[in-house]
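Got a structure for you, written out below as structure tokens; questions coming shortly.
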Amino acid sequence: MLELRNVSTLVSGRTHIDDVSLKLERGSLNVLLGPTLSGKTSLMRLMAGLDRPTSGQVLVDGKDVTGVPVQKRNVAMVYQQFINYPAMTVYENIASPLRVVGKSRTEVDKAVQEAAELLKLAPYLERTPLNLSGGQQQRTALARAIVKGAELVLLDEPLANLDYKLREELRAELPRIFAATGAVFVYATTEPSEALLLGGNTATLSEGRVTQFGRTVDVFRRPRDLVTARTFADPPLNTLAVRKAGDRFLIENGTGFPVPRHAQGAVDGPCTIAFQPHHLSLVQPAGEAIALNGTVSIVEIAGSESFVHLDFAGTRWVMLAHGIRQFKPGEVIEFWLEPRHVMVFDGAGQAVSTAAVAEDA
Amino acid sequence: MNKTWNNKAWFMVLPVLFLVAISAIIPLMTVVNYSVQDTFGNNEFFWAGAEWFEEMLTSDRFWAAMGRNLLFSGIVLLIEIPLGILIALNMPKSGWGVPVCLVLMALPLLIPWNVVGTIWQVFGRVDIGLLGYALREVGVDYNYVSDPFDAWVTVIVMDVWHWTSLVVLLCYAGLVSIPDAYYQAAKIDGASRWAVFRYIQLPKMNRVLLIAVLLRFMDSFMIYTEPFVVTGGGPGNSTTFLSIDLVKMAVGQFDIGPAAAMSIIYFLIILLLSWVFYTVMTNYDAASDGERRDG
Amino acid sequence: MARIDLDHIRHAYMAKPQSPSDYALKEVHHTFEDGGAYALLGPSGCGKTTLLNIISGLVRSSEGRILFDGNDVTPLSTQERNIAQVFQFPVIYDTMTVYDNLAFPLRNRGVSEPDVDRKVREILSMIDLDSWSDRKARGLTADQKQKISLGRGLVRSDVNAILFDEPLTVIDPHMKWVLRTQLKQLHQRFGHTMVYVTHDQTEALTFADQVVVMFEGEIVQIGTPAELFERPKHTFVGYFIGSPGMNVLPMELAGGSARVGSNEISLFAPPASVPSGKLELGIRPEFVRIGREGMPATITKVEDIGRHRIVRAQLEGYEVAAIVDEDADLPAEPRLLFDPAGINLYADNWRVETAQ
């Protein structure tokens, strides 16, 4: 188990990591999700022991390892770039961490064959990395990380340099590979969809802070604050600043709509409502729904669905509509919002209540 | 950043520290010792205080040599840096020409200083030297032994021949690191050859150029062997640089006190200039580093 | 702005190509209409970037001609072709200000300063960088730099085409949405001919009117996003577009219906002629329904990806993926139904035309 206790780093007066506490279990997959410069790489460097925190502690299985250098920890890392030994065969690449610790030939062979099997590299063991596709090169790097038997495996955007489809394939295999090894896995990504596809746990990062940590689906469905909700949304989250007055949300333009049942406990005053693009609909849903009017700014068609970008009360929203929808820019259209999906955040951005759907899940 | 240090590494450094102490620090302290004392031989020493330093700093001979050093370094930099850039720009970026050019460029750098001096000393002789003889034959009145201007030209050409390669290699390393997309974008933007150099190549090279200037300045400021071998500091004192003067004073005239004072002043000048360069360079790095941090 | 004709273009990176496999680009013969938005979509190594570089003139094709508005530009240099290009990694002149970056292509062409100023200010407001005009370009974020790259193309009102080489690779997901829609708005407003190279289906489909799908140096299909989604011409298109890709199952023809294992699946329209070769049925996960009627199957895995769930099921030994809504319930004994409108037949990987 890896634990970070109130860890912070300051680099020439600037805070890179701000009071982070995390507990990562063995055999778990933990996603660090956040935009560029949110502190993902800095946090990974702390976990690995490449950097020492300015304050706070790093513990492995309850033992304080703060300040213990990376060479003395059992850590493996995979980067965005495909890093392999170019002059060695795939077999030797995978075997290299075992050779360093002086394992016997039969042991090395057994471990390499197993890892190659797991990562579908068996037919390529005699080739050198540069004669492989990008996906296979990254598989080699992954195999080397796994064969090492490290307690902690850090993956820093490992799929970012791969084609979309290769990413999809490897991403589908990763959870299975992780489960087979029993190490603590940490996976950094900028893409919310990647976190959801990987499952496991997710820590959302913003400006060096971990804003929430929990099961990936829970963080997505029940964000604790607006920052987390925004970080974990692709397409971008739809938001609207409103004022709660009794049982109605009032919009600046003078209109309003009833407060959904699950949010009636909120205090009167300014708040922000938010919901995902697929919770807007062009056809009236079966259940309770609020009808709204908005101006189309642009429509993007993605095969089976359309992203309709709308202006509503001075705010830009995205609707994810089924099928192919053609609207002219400037056209005013009617659409529906299901109140049960609406998340409400108070003036300070803290969640008042999250969508009812989350309660059932 | 707070790296986690491995303390064992310090033990590895100990032998080197020991060697540096023997080869640099102890001799330097001896020099400091000489510089504040006077001797008339017989291993007898008398306290002289700052006398030698005052003498040095007020002597015309010292300032003349210093002036020659600065002039020499200035001329050498003015020729070698632009010439180095120009050659680097025209070197092939791919194909069989690359290794050929690199080897050709590296050749002068592999030749020891005194050999370079000897080569040019012979090369430039008007009686048997290929260059000197040829020049005389085509009617150029060239004689580095008697004409101070010719002596300077010879020493400078020699240094340019010996060291421009270093500038070329550094610049070339900077140039090949520029991604192709930059050149393609420049073509699309309709940029002239000069604009490509001014806005793409020069900005990407300026870090290596700073290193090149620093190395070439320090090295040319300390020049000794080549002029010593070729001209021996003459004709007259026209190519007597600080280092040559120092040796003349210490070994030729056995004025150990003034020579030691001069060494220390010389050393301090180089230290000061290196510090200035270092500060400029690290400031530059800090300024351009802001953009490359990644989270 | 111009129409671009690719006239029997072939390209090989080696000097004397012998067999078709030596060509990185095999026979491309196609027209990009004036003012169209096109995407070249395919995996790495499919020849899409080569094709783009042939259009821009950075690569001279081994064979064939390229015409802008009917004029042969094959021998012309990049500069003479008057195109703009945005690269994968932002190319900016870091020592210049944002303003000077945008003015650069105009000044190089000797445009007078008042005209440069008018044009640059117009573009600055268009790409939302007004307030940054005096800043040095080096300190900007990746998306701002990419906007400058685009802006340098837009300042020249007479460019024949704007080409994009995977321009959103280094951009964070949130900014991708912003840049993509801005790009689309610029296209609708100015009507430049745009060609966009990418391996990301979402980018290709949302950007382009016509998507050119490439595979191993060849164009496998050109069509609107809807066509590529509903009627993939080749199983590769079905696999490459869509997430997850199309389910492809071995089948046999039995009169007016298809037989997959022991299941009879009725077809919306039977094939025009009896196809030969390896027959397969293709159906996208979006057209697979899970309910209490249809073919019995077992669910092996459910992936919750937020806006919907991906259900992986086994149908008589074949893996079938289905997409279901986030709040749809999955029955204990699930059965699969294939929407007949979403079924395509393939013979040796190529789509079989239907009778209608």
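Just so it is clear: chains get the letters A, B, ... in the order the sequence lines come, proteins before strands, and each one is counted from 1. Not measured: the values here are computed from a predicted model.
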Legend entry - Euclidean distance, E286(C) CD relative to H322(A) NE2, rounded to 0.5 Å: 10.0 Å
Inset, instruction - Below 4.5 Å from any heavy atom of chain C, which atoms of P329(A) appear? Answer side chain, backbone, both or neither. - result: side chain
Inset, instruction - Could you tell me which portion of Y239(C) (side chain, backbone, both or neither) has an atom closer than 4.5 angstrom to a non-hydrogen atom of chain A? - result: both
Inset, instruction - Could you check E305(A) against R307(C) for salt bridge (charged side-chain N to carboxylate O under 4.0 Å, His left out), going step by step and ending with a plain yes or no? - result: CA-CA 12 Å; E305(A) 53 200 17; R307(C) 61 187 157 104; 3.1 Å; yes
Inset, instruction - Check whether L166(A) gets within reach of chain C through its side chain, its backbone, both or neither, counting any heavy atom under 4.5 Å. - result: neither
Legend entry - Heavy-atom proximity to chain C below 4.5 Å, by part of A172(A): backbone
Legend entry - Option in G245(C), P173(C), P225(C) with maximal non-hydrogen atom pairs under 4.5 Å from chain A: P173(C)
Legend entry - Distance-only polar pair, side chains of Q185(C) and H309(A), donor-acceptor under 3.5 Å: no
Legend entry - Spacing of E326(C) atom CD and H341(A) atom NE2 [to the nearest 0.5 Å]: 5.5 Å
Legend entry - Proximity breakdown for E191(A) and chain C, heavy-atom pairs closer than 4.5 Å: both
Inset, instruction - Answer with side chain, backbone, both or neither: which region of F232(A) has an atom nearer than 4.5 Å to a non-hydrogen atom of chain C? - result: neither
Inset, instruction - Might you point out which heavy atoms bring L162(A) and H199(C) nearest each other, and give the distance in Å? - result: O-CE1, 3.7 Å
Inset, instruction - Decide yes or no for Y164(A) and P43(C): does some side-chain heavy atom of the first lie under 4.5 Å from some side-chain heavy atom of the second? - result: no
Inset, instruction - Select, from T190(A), N161(A), L196(A), the one with the greatest count of heavy-atom pairs under 4.5 Å involving chain C. - result: L196(A)
Inset, instruction - Find the distance between OG (S38(A)) and CG (D172(C)) and round it off to the nearest 0.5 Å. - result: 8.0 Å
Legend entry - Lys/Arg-Asp/Glu bridge criterion (N-O < 4.0 Å) met for R215(A), D304(C): no
Inset, instruction - Quick one: closest heavy-atom pair of G306(C) and F220(A), and the distance? - result: CA-CE2, 3.3 Å
Legend entry - Atom group of S193(A) that falls short of 4.5 Å from chain C, counting heavy atoms: neither
Legend entry - Under 4.5 Å from any heavy atom of chain A - which part of S243(C): both
Inset, instruction - Go through the atoms of E227(C) and report whether side chain, backbone, both or neither lie under 4.5 Å from a heavy atom of chain A. - result: neither
Legend entry - Contact class of T216(A) relative to chain C, heavy atoms under 4.5 angstrom: neither
Inset, instruction - Drop me the distance from S304(A)'s OG to L228(C)'s CG, to the nearest 0.5 angstrom. - result: 12.5 Å
Inset, instruction - Against chain C, label R230(A) side chain, backbone, both or neither, depending on which of its atoms sit under 4.5 Å from a heavy atom there. - result: backbone
Legend entry - Salt-bridge present (E300(A), R180(C); N to O < 4.0 Å): yes
Legend entry - chain A contact via I305(C) - which portion, at a heavy-atom distance below 4.5 Å: both
Legend entry - T181(C) vs F307(A) side-chain heavy atoms within contact, under 4.5 Å: no
Inset, instruction - Please round to the nearest 0.5 Å and tell me the distance separating atom CG of L197(A) and atom CD1 of I310(C). - result: 5.5 Å
Inset, instruction - Answer yes or no: does atom CD of E173(A) have more than 12 heavy-atom neighbours from other residues, nucleotides or ligands under 6.0 Å? - result: yes
Inset, instruction - Mind checking the CD1-CD spacing from I298(A) to Q188(C)? Nearest 0.5 Å is all I need. - result: 4.0 Å
Inset, instruction - Examine whether an atom of E169(A) lies under 4.5 Å from a heavy atom of chain C, and if so say whether it belongs to the side chain, the backbone or both; otherwise answer neither. - result: side chain
Legend entry - Side chain, backbone, both or neither of I324(A) within contact of chain C (heavy atoms, under 4.5 Å): side chain
Inset, instruction - Count the heavy-atom pairs under 4.5 Å between each of L205(C), T224(C), T206(C) and chain A, then report the option with the highest count. - result: T206(C)
